Amino acid sequence: MAASTLVSAWGPLRPGVPGLCRCRQPRGLWAHAWRLPEPAGSGRSVAAVSGPGISGTDRYCLELLRKRDYEGYLCSLLLPAESRSSAFALRAFNVELAQVKDSVSEKTIGLMRMQFWKNTVDDIYCDSPPHQPVAIELWKAVKRHNLTKRWLMKIIDEREKNLDDKAYRNIQELENYAENTQSSLLYLTLEILGIKDLHADHAASHIGKAQGIVTCLRATPYHGSRRRVFLPMDICMLHGVSQEDFLRKSQDKNVRDVVYDMASQAHLHLKHARSFHKSVPVKAFPAFLQTVALEDYLKKIQQVDFDIFHPSLQQKNTLLPLSLYIQSWRKRY
């Protein structure tokens, strides 16, 4: 998808171009900001998050998220108290699947681990989960909220297909992957919140796709360090860019144009998701707080003129907990 076809969706993108607005936060909110728990290693107690009744399996899920999906951990903290532990279990399940690809040296081993999780989900719905912390917590969530098995299986199946080290053939293939993983995760989160709403589902679909595209962009430097490139081949070919250009960390305009096209598509999905804002139940908004982190990355990459290897993109946003709380307080996504 050429950049020229997307510019109308996002407007001027290059730094310094007229029309690019930067919103300032109301000063009063900063003074009353609520500090969320820090990342693992900060010395803050997990028990302080979930209360004195936290179980060993619950604690395991919390720690896994703090270390492997800190943004998801922060978003889950802002869910209603009665939904929080189930959300932790769901995201921990997603982390377990996501880290299979990078933790195995052979595809066969990866397939075996994915089969374990397929069997685990089957066992969960037969009320006989294996003695594995995430499995036990996921079983509790399924029992508590009657979660749809199909979405859990879709996540596993799609992660399994993705064990092959192949670049996406086109942006649609990447979006399909994101729909079956990230969007499915959001559908399940909506179920945890007790929401059955078509508009919320549509918003979740677009947010999940935006998440998949942004994740692909954010992971490009890491994958490049391992001699891998997963960016959609159709966009690379459109701009005459090869995988070697990304492995060399090229800053040529053509390379930036590839990143621009992908970032524009992610922004377009966020725009579509927000177009349902007035129709989506307010109760669903906490499930969509990850849009804060997505928007933050898209603004940062815009500010560095779509240089995907710029050092500033690798730095953690220390104000993210505050931004999430403000967005939650405003009841927006």
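Computed from a predicted model, the values in this text were never measured in an experiment.
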Next on the checklist: What verdict does the side-chain contact (heavy atoms from CB on, under 4.5 Å) test give for Asp123 and Thr120, after you've listed the backbone C-alpha separation in whole Å, the side-chain angles of each residue and the deciding distance to 0.1 Å?
Outcome noted: CA-CA 5 Å; Asp123 291 341; Thr120 293; 5.5 Å; no
Do [X] and [Y] have side chains that approach each other closer than 4.5 Å (heavy atoms only, starting at C-beta)?
X      : Y      : result
Leu78  : Gln327 : no
Ile213 : Ile171 : yes
Gln243 : Cys236 : no
Ile124 : Pro129 : yes
Asp296 : Ser323 : no
Gln251 : Arg256 : yes
Gln132 : Glu96  : yes
Tyr177 : Arg159 : yes

Identify the two heavy atoms, one from [X] and one from [Y], that lie closest to each other, and give their separation to 0.1 Å.
X      : Y      : answer
Ala87  : Ile192 : N-CD1, 3.8 Å
His310 : Ser312 : ND1-OG, 2.8 Å
Thr148 : Leu188 : O-CD2, 3.7 Å
Leu324 : Cys75  : CD2-SG, 3.9 Å
Leu163 : Gly110 : CD1-C, 3.7 Å
Ser205 : Ser183 : O-OG, 3.0 Å

Distance from [X] atom [atom1] to [Y] atom [atom2], nearest 0.5 Å?
X      : Y      : atom1 : atom2 : result
Leu74  : Gln290 : CG    : CD    : 12.5 Å
Leu270 : Gln265 : CG    : CD    : 11.0 Å
Asp234 : Glu173 : CG    : CD    : 9.5 Å
Asn176 : Glu158 : CG    : CD    : 7.5 Å
Phe288 : Arg332 : CZ    : CZ    : 15.5 Å
His239 : Lys253 : NE2   : NZ    : 8.0 Å

Test: [X] and [Y] ion pair at under 4.0 Å:
X      : Y      : result
Arg227 : Glu244 : yes
Asp102 : Arg226 : yes
Asp127 : Lys143 : yes
Asp197 : Lys283 : no

Would you find more than 12 non-hydrogen atoms of other residues, nucleotides or ligands less than 6.0 Å from [X] atom [atom1]?
X      : atom1 : result
Lys300 : NZ    : yes
Arg68  : CZ    : no
Arg169 : CZ    : no

Using the six-membered ring wherever Trp is involved, compare the ring planes of [X] and [Y] and label them parallel, tilted or perpendicular (cut-offs 30° and 60°).
X      : Y      : answer
Phe309 : Phe246 : tilted
Tyr260 : Phe306 : perpendicular
Tyr187 : Trp151 : tilted

Item to check | From CA spacing to verdict: side-chain contact (heavy atoms from CB on, under 4.5 Å), His277, Tyr333 | outcome: CA-CA 8 Å; His277 185 272; Tyr333 68 84; 3.8 Å; yes
Does the side chain of [X] come under 3.5 Å of the side chain of [Y] through a donor N or O and an acceptor N or O?
X      : Y      : result
Glu137 : Ser85  : no
Glu175 : His269 : yes
Arg330 : Tyr325 : no

Is [Y] reachable from [X] through a run of I, L, V, M, F, W or Y residues, each pair having side-chain heavy atoms under 4.5 Å apart?
X      : Y      : result
Val100 : Val134 : yes
Leu90  : Phe116 : yes
Leu111 : Leu152 : yes
Val282 : Phe276 : yes
Leu64  : Leu62  : yes

Checklist entry - Can Lys140 and Thr57 be said to form a side-chain contact (heavy atoms from CB on, under 4.5 Å), step by step? => result CA-CA 11 Å; Lys140 292 178 185 177; Thr57 53; 3.8 Å; yes
Next on the checklist: Donor-acceptor check, side chain of Tyr125 to backbone of Lys149, threshold 3.5 angstrom: yes or no?
Outcome noted: yes
Item to check | Backbone of Leu79 reached by a side-chain donor or acceptor of Arg84 within 3.5 Å | outcome: yes
Checklist entry - Do Leu313 and Val304 pass the side-chain contact (heavy atoms from CB on, under 4.5 Å) test, and can you show the C-alpha distance, the side-chain angles, and the key distance before you say yes or no? => result CA-CA 9 Å; Leu313 297 178; Val304 298; 4.2 Å; yes
Next on the checklist: Testing Trp117, Trp139, Tyr60 one by one against Phe93 for a ring-ring contact (aromatic ring centres under 6.0 Å, His included), which residue passes?
Outcome noted: Trp117
Checklist entry - Looking at Lys316, Arg66, Arg218, which hits salt bridge (charged side-chain N to carboxylate O under 4.0 Å, His left out) with Glu71? => result Arg218
